[in-house]
**Q** 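Provided herewith is a single structure, encoded as structure tokens, for subsequent inquiry.
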Amino acid sequence: MTGPIAEGMRRRRSQPSVSDAAPTKRELVPLIEAAASVADHGSLRPWRLIALRGDARSRFGSAIVEATGLEGGAAEKMAAKPLRAPLLLAIVVSPKPSHKVPLWEQEAVASGVAHALSLVLDEAGWGVMWRTGHYTRSGAVHRMHELKPDEYLLGWLYVGGTKKQKGGRRKPVKAKDLLSSL
Ligand SMILES: Cc1cc2nc3c(=O)[nH]c(=O)nc-3n(C[C@H](O)[C@H](O)[C@H](O)COP(=O)(O)O)c2cc1C
């Protein structure tokens with residue numbers, strides 16, 4: 001298969017371990033603009049992103065601890081999770097009123113933006129990994145992100161500089177088994 005998009009998608013791997021380098025806002029904006037070109041029924045833009053850097057990541061760690069109710073060493077370990085990358089991009093579903101486009105379609109758009117953003121960040125040379133946790137939809141995490149009542153999270157893109165790249169082939173997808181006809 002040829003073509004830069006297909007090749008980039010095949011090459012992309014999630015990077016669980018990244019360095020302290022991170023894209024600036026100026027560097028992020030054109031990548032977000034590119035990712036925002038996904039199909040969007042009614043062009044509602046039912047999503048937004050929140051960048052967490054520096055201390056915001058520690059406040060996120062505290063919110064996770066509050067949400068999980070952990071104590072002692074386990075709480076400390078959990079609080080440090082957001083410090084695994086210098087930049088976290090929270091993916092927010094931000095539903096827009098519409099008679100035509102139900103919520104599930106709007107969530108599909110937000111998810112598409114996140115996948116596309118992972119891809120273009122990877123192409124730009126950044127290490128990226130989409131992460132979640134059972135605390136993702138908790139009240140404490142919702143409040144810490146200052147979300148509106150109807151907004152909710154799809155997780156975070158953990159972004160940083162590439163270190164030792166996780167490469168190699170992923171488990172092959174038997175696409176012909178996933179395609180049927182009627
Ligand atoms: C919505 C979503 C949430 C995810 N959450 C986690 C997570 O919390 N922890 C994790 O190890 N992988 C998580 N993953 C999977 C990784 O992002 C990644 O896709 C996986 O490790 C496979 O690596 P690859 O992308 O290089 O194929 C999540 C993926 C998605 C789409």
Side-chain angles (χ1 to χ4, degrees), residues 1 4-19 22-23 28 31-32 34-36 38-40 46-52 56-58 60-70 74-95 103-138 140-142 144-145 147 151-175 177-178:
M1 188 190 292
I5 296 174
E7 279 166 23
M9 293 188 89
R10 282 171 179 274
R11 198 205 57 245
R12 183 204 66 83
R13 294 306 313 264
S14 298
Q15 301 299 327
S17 178
V18 292
S19 77
L28 276 176
L31 301 179
I32 295 169
V38 296
D40 182 350
W47 56 274
R48 63 189 183 97
L49 303 167
I50 305 170
L52 283 75
R57 297 169 309 150
S58 304
F60 174 31
S62 302
I64 296 175
V65 170
E66 187 186 335
T68 54
L70 291 170
E76 266 175 46
K77 205 171 155 193
M78 192 56 97
K81 296 255 182 208
L83 307 180
R84 287 177 288 181
L87 169 66
L88 276 55
L89 292 171
I91 307 144
V92 184
V93 181
S94 190
L103 183 60
W104 70 265
E105 291 193 28
Q106 299 193 32
E107 183 169 328
V109 178
S111 175
V113 170
H115 281 294
L117 186 55
S118 298
L119 192 63
V120 292
L121 278 163
D122 178 274
E123 183 186 51
W126 299 105
V128 187
M129 181 145 173
W130 189 340
R131 294 182 187 273
T132 48
H134 48 275
Y135 46 78
T136 303
R137 302 270 168 93
S138 66
V141 169
H142 191 282
M144 186 267 145
H145 284 74
L147 302 182
E151 291 181 325
Y152 58 95
L153 291 163
L154 293 183
W156 299 263
L157 298 184
Y158 279 59
V159 184
T162 45
K163 291 208 292 196
K164 190 168 162 276
Q165 286 249 19
K166 179 176 114 183
R169 284 169 60 80
R170 54 173 65 79
K171 202 172 152 207
V173 175
K174 289 188 182 148
D177 297 344
L178 299 172

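Index from 1, following the sequence. Start at 1 and go down the list; that is how both ligands and their atoms are numbered.
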**Q** Between Arg12 and Leu121, is there a donor-acceptor pair closer than 3.5 Å when you use the side chain of the first and the backbone of the second?
**A** no
**Q** In chain order, what residues pass the side-chain hydrogen bond (donor to acceptor under 3.5 Å, both in side chains) check against Ser94, with sequence neighbours excluded?
**A**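 Once residues adjacent in sequence are excluded, the partners of Ser94 under the side-chain hydrogen bond (donor to acceptor under 3.5 Å, both in side chains) criterion are Lys96, Glu151.
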**Q** Using a 4.0 Å heavy-atom cut-off, which part of Arg170 comes near ligand 1: side chain, backbone, both, or neither?
**A**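 Within the 4.0 Å criterion, Arg170 contacts ligand 1 through side-chain atoms alone.
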**Q** Within ligand 1, which atoms have a heavy atom of Thr132 less than 4.0 Å away?
**A** 3 (C), 4 (C), 5 (N), 6 (C), 7 (C), 8 (O)
**Q** Please collect all ring-ring contact (aromatic ring centres under 6.0 Å, His included) contacts where either partner lies in residues 111-133, sequence neighbours excluded, each pair once.
**A**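 Every pair satisfying ring-ring contact (aromatic ring centres under 6.0 Å, His included) with a residue in residues 111-133: His115-Trp130.
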**Q** Do the charged groups of Arg13 and Asp122 touch, with an N to O distance under 4.0 Å?
**A**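 No.
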**Q** Does the Lys NZ or Arg CZ of Arg137 fall within the cation-pi geometry relative to Tyr152 - under 6.0 Å from the ring centre and within 45° of the axis?
**A**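 Verdict for Tyr152: no cation-pi partner in Arg137.
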**Q** Using a 4.0 Å cut-off to any heavy atom of Ser14, which atoms of ligand 1 qualify?
**A** 17 (O), 18 (C), 19 (O), 23 (O), 24 (P), 25 (O), 26 (O)
**Q** Do His115 and ligand 1 have an N or O pair less than 3.5 Å apart?
**A** no
**Q** Going by the order shown, which atoms of ligand 1 are within less than 4.0 Å of some heavy atom of Met129?
**A** 10 (C), 11 (O), 12 (N), 16 (C), 17 (O), 21 (O)
**Q** Arg12 heavy atoms, cut-off 4.0 Å: which ligand 1 atoms fall inside?
**A**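 Answer, ordered by atom number: 24 (P), 25 (O).
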